[in-house]
Structures are given as C-alpha cells and as structure tokens.
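What follows is a single structure, written as structure tokens, with notes after it.
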Amino acid sequence: MIDDDEEDFIITRDVLHEIPRRKYIIDWVPAYDEALLKIRAGEYQVYLVDYRLGAKNGLDLIRAALESGCTAPLILLTGQNDPEVDEQAMRAGAADYLVKGTISSRQLESSVRYSIEHAKNMNEIRLLNAELEKRVKDRTMILEEALMEIESSRKELQKALVKEKELNDLKSRFVSMASHEFRTPLATILSSLSLVSKYTGQQNEEKRNKHIERIKSSVHNLTEILNDFLSIGKLEEGKTESSPVLFDIKEFASESVQEMQAVAKQGQQIQYSHTGSRKQVCLDKKLLKNIIINLLSNAIKFSAENKNIRLSTATGNMETALIVSDEGVGISKEDQEHLFERFFRGQNVTNIQGTGLGLNIVSKYTELMNGKIEFESELGKGTKISIVFAEKAETY
C-alpha cells in the first residue's frame, strides 16, 4: 500500500485481516519515489495507491508505473467519492477505484481478487498477442521469401524468354544469311567450271585463268564462312580457351600478311610494320591468327582495288598491340553501335559478301586473350581497329 498516512494503512490492513479463508500480506510505503522503485522491482501482486502523495498524486504514480512496464494491478484509493477522479483513474490505467472509509472487507477482497485475475488474463492476452505477432512475423518472412523466389523465377523466366527470342532471331538471320552466302559462291563456281571446260585452246588461256581465279576466290569465301560458323559453334559450347605460348610476333604477323596478300584485290598492298625491341610475346597463336585473318579479310573486302591496308604490331611493358587500318568504305556512326554484334552488317556493305560474324568472333577471342579492342571509322575514309593484349609477367 502506498499512502502518506500510516493510520489509513493500519485501517486497510485490519480490513484485509477480516477476510475469511484468505490470507493477505500487506506492506506499507509512504513516499512516491520509494514506491516507484518497489513497483519497478516487481515485488508485489497488487498495489493499493492513495490519491494524495504530497507533490505528486496517485494518478501520476500509476502512469509512471505502467510506463515502466508494470503488469500488476494498481487500485486507486481516495478519501472522497468523486466521479471525475474515478474517470481519471480509469484513463490512467487503474484496475479499480475505491473510496476509503467506506470499504468493507468483502468489497476490498473482491476488488483485489478481480484485479489480480484481470491482470492475469491481460498477461495471458499479451503473451498470446506476442506469440501471434511472432507467428505473423515468421509467416510474413516466409511469404516475403516466397515472393522473392517468385520474383527471381519471374526474372529468370523473362531472361530465358529474351534469350529464346534472341536465339530464334539468330536462327532466322543465320538461315537467311547462309542460304544467300552459300548460294552466291556456289553459283560462281558452277558457272566458271562450265566456261572453263569450253576454253581449251592456247588462245583462251587468259579467259581460262580468269575463271580459275574466280573459282579460287569463291572457294576461299566458302572456307571463310565455314570457319566463322565453326568458331561461333565452339565459342557457344565453351570449347574455346586461350593457351598462350612464346613466339616471335614479327615473324608470325609477316606470315599472316603473305597469306592474305594472295587473296587481296588487284593493286591492294598489305603493309606490315613492327615497333618495340621485344619480338617474343606470349599469346594464343591460333586465336591471334584468327583475329588477324578476320581483320585483314574485312579490310580487303571493304576496300577498293589499289588501296593500301596496314597491319602493325607493337610490344611494350607486358603488353602487345595489334592495329589494322584500311582506306575502305568506313562505318557510319549509327552502325558503329552494333559493330561487334553477331550477324550484323553495315547498311553501306549489304552488296558485299560476308556473314557478319567476323568482328563478333574477333571481340570474343580478344576477350579470351585478356585484351581490349577499340576502333575508329568514318564513312568513305576507312577504318582503324586497335587491340591491346595484356600478358602475364611469369611467362618471361
């Protein structure tokens, strides 16, 4: 009991002792601060709080007790039957409101017993609410995880659909391109073979040689197309890997230039130069050869007769550079954005034979060889493609 008047405590204690078949132990605290400490310590099952406690009243104590987490019932005692105080007590959180001087043992016992039972029920409700909140939280977490999985599956499905659409588009483009690119050289070969058989005499040697060269050129084009398809197939299957070896880059590039000079157009000259004291490099020879052949083939294909094509190599500190430039038709700014896409061909070269795979293969091989590729081009003024390969220090 919290009351600043000891006589009121004694009276209340005597009333409690009159209650039959029940035994109540009551302690007395006269001051607000001491009472709040005991309430916070949770030492008692019920608290009888006097309205008047000096500077602060019982309503203040009830509010402070509840704010500190008190779950035991607090019953307000007052000397006067004031309905306004009664309402204030209920709003403050008091379990009951009793008027001193008129309290019987039965009335006090009922108030204490019902308040304790009510507090017990409230505690059970709080526990049930806490358990319910935990279940809701757990279920919400499970639901969120399920939603995340659904969203992830949706994104994966969307990616798969995009990939499937891209694959279907690639298949359509491949069929269209392959049917055209194979038909043209095959038709040339057949017509040239038919004409060659007619030019049998010595006087027809020039015409015969002309058609033989056409056949060679068509066979070369078919071989180029098949090589591109094989390269793409191996890249898609993940079978292409970089296997660096030490070799002489100057000798290697010179051989590639000689090979491509044989298929160059009339008057075209492939000029080669090398800078850097180091000639030994550590790169994948097969992939590098494919890159050089593709770049030189494009330069030959998209340059007119009697135009120069330049290949240069340079070695520096753990890097090897490869540059191919021509004086050909060039690439528009719009087409440059799609230059390395598979099957892409510029709008200004649709009448020139090609698969649109070469630069895509070059970019993939460059990536495999830890290289970076850059290009400069202008319509009617040619194209320059530069590749820089980074080499590993432990190879030297």
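- Identified under the salt bridge (charged side-chain N to carboxylate O under 4.0 Å, His left out) test for residues 58-71, with sequence neighbours left out: Asp60-Arg63.
- Clustering ILVMFWY residues whenever any of their side-chain heavy atoms sit less than 4.5 angstrom apart, transitively, puts Val245 in the very cluster that holds Tyr365.
- Remark: Arg139 CZ is loosely packed, at most 12 non-hydrogen atoms of other residues, nucleotides or ligands lying under 6.0 Å away.
- Residues in residues 107-116 take part in these salt bridge (charged side-chain N to carboxylate O under 4.0 Å, His left out) pairs, two or more places apart or across chains: Arg22-Glu109, Glu109-Arg113.
- Nearest heavy atom pair, residue Thr315 against residue Ser277, reads OG1-N, 4.4 Å.
- Residue-environment remark: NE2 (His17) exceeds the threshold of 12 foreign heavy atoms within 6.0 Å.
- The backbone N or O of Glu87 lies less than 3.5 Å from no partner atom in the side chain of Tyr97, so there is not a single donor-acceptor pair.
- When all heavy atoms of Ser377 and Thr383 are compared, the pair lying nearest together is OG-OG1, 2.9 Å.
- Ile323 places a side-chain heavy atom less than 4.5 Å from the side chain of Lys384.
- For Glu305, the CD atom counts as densely surrounded, since its 6.0 Å shell holds more than 12 non-hydrogen atoms of other residues, nucleotides or ligands.
- With a 6.0 Å radius and a threshold of 12 heavy atoms from other residues, nucleotides or ligands, Glu124 has its CD atom above the threshold.
- Distance check, rounded to the nearest 0.5 Å: OG of Ser152 to CE of Met148 gives 8.5 Å.
- The distance from the CG atom of Asp50 to the CD1 atom of Ile2 is 9.5 Å, given to the nearest 0.5 Å.
- For Ile270 against Leu296, the heavy-atom pair with the smallest separation is CG2-CD2, 4.2 Å.
- Linking Ile, Leu, Val, Met, Phe, Trp and Tyr residues whenever their side-chain heavy atoms come within less than 4.5 Å leaves Leu59 and Val46 in two separate clusters.
- For the pair Gln268 (side chain) and Ala304 (backbone), a donor-acceptor distance under 3.5 Å is present.
- When side chains are defined from C-beta on, Leu288 counts as touching Phe252, because their heavy atoms get closer than 4.5 Å.
- Heavy-atom minimum distance, Gly316 versus Arg278: O-NH2, 2.7 Å.
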- [ ] Could you walk me through whether Ile387 and Met369 pass side chain to side chain contact (heavy atoms under 4.5 Å, CB included), step by step?
- [x] CA-CA 11 Å; Ile387 303 175; Met369 295 171 66; over 6 Å; no
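- The only member of Asp5, Asp8, Thr12 that meets side-chain hydrogen bond (donor to acceptor under 3.5 Å, both in side chains) when paired with Lys100 is Asp8.
- Judged by distance alone, the side chains of Arg126 and Asn129 never bring a donor and an acceptor atom under 3.5 Å apart.
- In this structure, the side chain of Gln336 engages the main chain of Ile331 through a donor-acceptor pair within 3.5 Å.
- Looking at heavy atoms from C-beta onward, Phe247 lies in side-chain contact with Leu283 at the 4.5 angstrom threshold.
- Within the 4.5 Å cutoff, the side chain of Glu259 has heavy atoms near those of the Ile293 side chain.
- Ion pairing between Glu327 and Arg310 holds under the 4.0 Å rule for side-chain N and carboxylate O.
- A perpendicular orientation is assigned to the rings of Phe375 and Phe340, their planes being inclined by more than 60° (bins at 30° and 60°).
- A donor-acceptor pair is defined here as one N or O able to donate and one able to accept, closer than 3.5 Å; such a pair exists between the side chain of Asp284 and the backbone of Ser243.
- Of the N and O atoms on the side chains of Asn294 and Asn290, at least one donor lies less than 3.5 Å from an acceptor on the other residue.
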- [ ] Start with the C-alpha distance between Gln280 and Asp248, add both sets of side-chain angles, then the distance that settles side chain to side chain contact (heavy atoms under 4.5 Å, CB included), and finish with yes or no.
- [x] CA-CA 5 Å; Gln280 289 289 314; Asp248 188 314; 3.9 Å; yes
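- Judged purely by distance below 3.5 Å, without hydrogens or angles, the side chains of Ser111 and Asp96 pair a donor atom with an acceptor atom.
- Within the model, atoms CG of Leu74 and CG of Leu61 stand 7.0 Å from one another, a figure rounded to the nearest 0.5 Å.
- Interatomic distance, His274 NE2 to Tyr272 OH, rounded to the nearest 0.5 Å: 6.0 Å.
- One N or O on the side chain of Lys265 and one on the backbone of Ser303 form a donor-acceptor pair closer than 3.5 Å.
- Following chains of ILVMFWY side-chain contacts shorter than 4.5 Å, one cannot reach Trp28 starting from Leu37, and the two form parts of different hydrophobic clusters.
- Taking 4.5 Å as the limit, every side-chain heavy atom of Ile19 sits out of range of all side-chain heavy atoms of Val112.
- Contact check for Ser104 versus Val15: no side-chain heavy atoms found under the 4.5 Å cut-off.
- A donor-acceptor contact shorter than 3.5 Å is absent between the side chain of Asn57 and the backbone of Tyr51.
- Side-chain contact between Ile291 and Ile361 is absent, with no heavy-atom pair separated by less than 4.5 Å.
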TODO: Any chance you could lay out the salt bridge (charged side-chain N to carboxylate O under 4.0 Å, His left out) test for Arg135 and Glu131, step after step, and finish with the verdict?
DONE: CA-CA 6 Å; Arg135 287 184 181 179; Glu131 185 180 352; 2.9 Å; yes
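- Within 6.0 Å of CD in Glu151 there are more than 12 heavy atoms belonging to other residues, nucleotides or ligands.
- The shortest non-hydrogen separation linking Ile75 to Ser115 is CD1-OG, 3.6 Å.
- Although no hydrogens or angles enter the test, the distance criterion places no donor-acceptor pair under 3.5 Å between the side chain of Glu43 and the main chain of Lys38.
- In this structure, CG on Leu53 lies 11.0 Å from CG on Leu36, to the nearest 0.5 angstrom.
- Other residues, nucleotides and ligands contribute more than 12 heavy atoms inside 6.0 Å of the CG atom of Leu147.
- Between the Ser363 side chain and the Asn360 main chain, a donor and an acceptor come within less than 3.5 Å of each other.
- Within a 6.0 Å sphere centred on CG of Asn317, other residues, nucleotides and ligands contribute 12 heavy atoms or fewer.
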Open item on the list: side chain to side chain contact (heavy atoms under 4.5 Å, CB included), that's the test. Do Thr275 and Ser312 meet it? Break it down for me.
Closed with: CA-CA 8 Å; Thr275 57; Ser312 64; over 6 Å; no
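- Using a 4.5 Å cut-off on side-chain heavy atoms (C-beta onward), Lys364 and Leu368 make no contact.
- There is a path of hydrophobic side-chain contacts, each under 4.5 Å, that joins Ile116 to Ile103.
- Rounding to the nearest 0.5 angstrom, the gap separating the OG1 atom in Thr366 from the CD1 atom in Ile385 is 9.5 Å.
- The two residues Asp3 and Met1 make their nearest non-hydrogen contact at OD2-CE, 3.4 Å.
- Under the 4.5 Å side-chain heavy-atom criterion for Ile, Leu, Val, Met, Phe, Trp and Tyr, Phe9 and Val29 are members of distinct hydrophobic clusters.
- With hydrogens and angles disregarded, no donor-acceptor distance shorter than 3.5 Å links the side chain of Ser110 to the backbone of Gln107.
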TODO: Before giving the answer on side chain to side chain contact (heavy atoms under 4.5 Å, CB included), spell out for Leu322 and Leu311 the whole-Å C-alpha distance, their side-chain angles and the decisive distance to 0.1 Å.
DONE: CA-CA 7 Å; Leu322 172 73; Leu311 167 66; 3.3 Å; yes
